[in-house]
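Keep in mind it's a predicted model, so treat the numbers as computed, not measured. Scope of the values below: all heavy atoms of this structure, side chains included, with no hydrogens, waters or symmetry mates.
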Amino acid sequence: MVLNIPGLVAVIIFYVVILVIGLWAARRTKGETNSENVMLAGRNIGTFVGVFTMTATWVGGGFINGTAETVFKDGLLNCQAPLGYSLSLFIGGVFFASKMREHGYVTMLDPFTRKYGERMGGLIYIPALLGEVFWSGAILAALGSTLRVIIGLSHEVSIISSACIAVFYTLFGGLYSVAYTDVVQLICIFVGLWLCIPFAMTSEFVGNISVNSTSAWIKEVESVNTGVYTDSFLLLIFGGIPWQVYFQRVLSARTARASRYLSFLGALGCLIMSVPSVLIGAIAVNADWNSTAYVTKDNFNASDIPNRASDILPLVLQYLTPEWVSFFGLGAVSAAVMSSADSSILSASCMFARNIYKMIFRQKASEKEIIWVMRIAIFGVGALATEMAINVDSVYTLWYLSSDLVYVVLFPQLVCVIYLRNSNTYGSLLGYIVGMFFRIAGGEPSLGIGTLIKYPYYSEEHGQMFPFKTLCMMMSMVTIIAFSSLTDILFKKGIIHHRFDVFKCGLSQSSFDEKAHNNNLTLDHATLTVSDAGFTPPIEEVKITRDV
């Protein structure tokens, strides 16, 4: 395909706009030596910017391309992501946002490292990292397909160049750059796609989308797929919560109440921003592709369109709208993709710098050192995401995979660390292993992972038909609850001696009493030990007597 010079110029203009805004926002972190301020924008994100950046948690290139793809291929009722991620933000706001913000955490992994220890936090980082890489890969892959279709730019070149620009301004600006480019991103998507809709809908090659809409593009869920449908929907809802890219916005809010409101408004924003993509999918279904330049000028075969479902949004922009309109829509998509990729790259890098490097390897690392480690990690995560984008085909497959391990492994861990008072490292570790094993044993054809366990209703033709991912998640959660309670009882009742508490969870009541006796300090019926460094009660409120 010949390189389209005007289209290339349009993309470059939008890239420059995003880059300039990102670098402008980076001025607020110039000379900043506090890593927390760089990661969370000084916990000073206001309502206006906050709503945009919270909505942009999920609304990006993967969201708009994947939604159009699924409406075109499978129908509106089978397009679960817009509603699923909206409910995810809403539930996150109700049950998790204020609790995380009130405790003053810096990353999503902080409650795990505080309660279970640094090494368990390191294990939990693995699925969190994979999730961010899959999501970033989906976003970059969406851009690659768009630029390839409209301006003939190489898939690899478009992905690599976009990733480099996103990494560049994120490197200097941290969350400030990410948040302010998110504002431009959503405005570009909203204005750009809505500008294209009237032209595409009134094209001479497109029929009335309201005619036979139920059978043409709304469709229905086949009863045989009920289990898979339910599994996928629950995965999107609850698998969309335990993400650093979400909690980074939550923790950057000025107050706990503000973090909840931002989540609720972000949920509404997800639904609103999905409407243009849904309409584009419906327009593609009702288009007479044989009469378009796709066949008459570029000599493609219209029968290939169903096999190019992942390209359906750029195809509609290219062949069903005027050239100048398609360039505007292309610029919107490009800017959106680049601005979304930076969020996930920054999130994974922050967790690595704070919860892996500092807490496990360099507890005495300076703030300046942590900032530099975060910047180096930004390069590494960006490279991983770029590799995934180039080598995995379906945008929607990457989209689902990005929530898969997070749902099965991280969601039960997050629920228990926040709401289960007696959860401990033993239960967390075993629950982690159980969830990971049974999920991997269920297989994943898109990654070439064979099926080890065939769950009920397994089909040789269609694979797992049972909602096995939800089953794995529940098995993981039950394991955490049961084993944490069991070890809590065994240690505290002295059935297992405290010296076998290898994870130093402090579960042994006898060990607690021994420390109190050695320090000869009692406070009424509670024990105060000398080792309780940092806790100095007012002397007039505490009566201390010596044991005799």
Side-chain angles (χ1 to χ4, degrees), residues 6-7 10-11 13-15 17-18 51-53 55-73 76 79 81-83 85-86 138-151 158 162 181-203 205-206 209 217 266 268-287 292 308-341 395-396 399:
V11 171
I13 291 173
F14 275 91
Y15 274 26
V17 169
I18 291 295
V51 170
F52 276 91
T53 193
T55 304
T57 300
W58 293 123
V59 177
F63 184 93
I64 59 178
N65 277 51
T67 299
E69 172 188 346
T70 308
V71 171
F72 171 74
K73 185 170 64 175
L76 178 61
C79 182
L83 180 59
Y85 282 132
S86 295
I139 295 168
L140 292 170
L143 178 64
S145 64
T146 302
L147 297 184
R148 185 184 70 247
V149 169
I150 295 184
I151 63 177
S158 60
S162 302
T181 52
D182 282 342
V183 175
V184 180
Q185 167 206 2
L186 292 190
I187 293 175
C188 285
I189 293 177
F190 192 80
V191 175
L193 293 186
W194 275 113
L195 178 64
C196 297
I197 294 294
F199 289 96
M201 195 172 287
T202 57
S203 169
F205 307 119
V206 178
I209 65 172
W217 59 272
L268 179 61
C270 273
L271 287 178
I272 294 173
M273 299 301 292
S274 68
V275 175
S277 293
V278 170
L279 291 175
I280 286 174
I283 289 169
V285 170
N286 287 272
T292 65
R308 298 187 62 182
S310 62
D311 294 334
I312 204 62
L313 187 143
L315 286 172
V316 168
L317 295 179
Q318 172 76 348
Y319 294 104
L320 300 178
T321 65
E323 189 175 38
W324 69 271
V325 174
S326 69
F327 291 158
F328 202 93
L330 170 65
V333 174
S334 303
V337 167
M338 189 169 57
S339 187
S340 296
V395 174
Y396 216 60
W399 200 357

Where [X] and [Y] come nearest, the two heavy atoms and their spacing:
X: Leu279; Y: Met201; answer: CD2-CE, 4.4 Å
X: Ile209; Y: Trp217; answer: O-NE1, 2.8 Å
X: Gln185; Y: Val59; answer: NE2-O, 2.6 Å
X: Ser86; Y: Leu271; answer: OG-CG, 3.3 Å
X: Asn65; Y: Pro314; answer: ND2-CD, 4.1 Å
X: Phe190; Y: Ile272; answer: CE1-CG2, 4.1 Å

Review point. Which residues pass the side-chain hydrogen bond (donor to acceptor under 3.5 Å, both in side chains) test with Thr321, sequence neighbours left out?
Key: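 Not a single residue meets the side-chain hydrogen bond (donor to acceptor under 3.5 Å, both in side chains) criterion with Thr321.
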Out of curiosity, [X] [atom1] to [Y] [atom2], how far, rounded to the nearest 0.5 Å?
X: Leu313; Y: Leu193; atom1: CG; atom2: CG; value: 6.0 Å
X: Ser277; Y: Ile189; atom1: OG; atom2: CD1; value: 8.0 Å
X: Asp182; Y: Ile187; atom1: CG; atom2: CD1; value: 11.0 Å
X: Leu195; Y: Cys188; atom1: CG; atom2: SG; value: 12.0 Å
X: Cys270; Y: Phe63; atom1: SG; atom2: CZ; value: 5.0 Å
X: Ile280; Y: Cys196; atom1: CD1; atom2: SG; value: 6.5 Å

Practice item. Look at the aromatic rings of Trp58 and Tyr85 and report parallel, tilted or perpendicular, splitting at 30° and 60°. Key: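 The rings of Trp58 and Tyr85 lie parallel, inter-plane angle below 30°.
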Review point. Does any N or O in the side chain of Thr67 come within less than 3.5 Å of the main-chain N or O of Ile64, such that one atom is a donor and the other an acceptor?
Key: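 Judged by distance alone, no pair lies under 3.5 Å.
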Review point. Would Trp194 and Val275 count as a side chain to side chain contact (heavy atoms under 4.5 Å, CB included) if you check the C-alpha gap in whole Å, the side-chain angles of each, and the deciding distance to 0.1 Å?
Key: CA-CA 9 Å; Trp194 275 113; Val275 175; 3.7 Å; yes
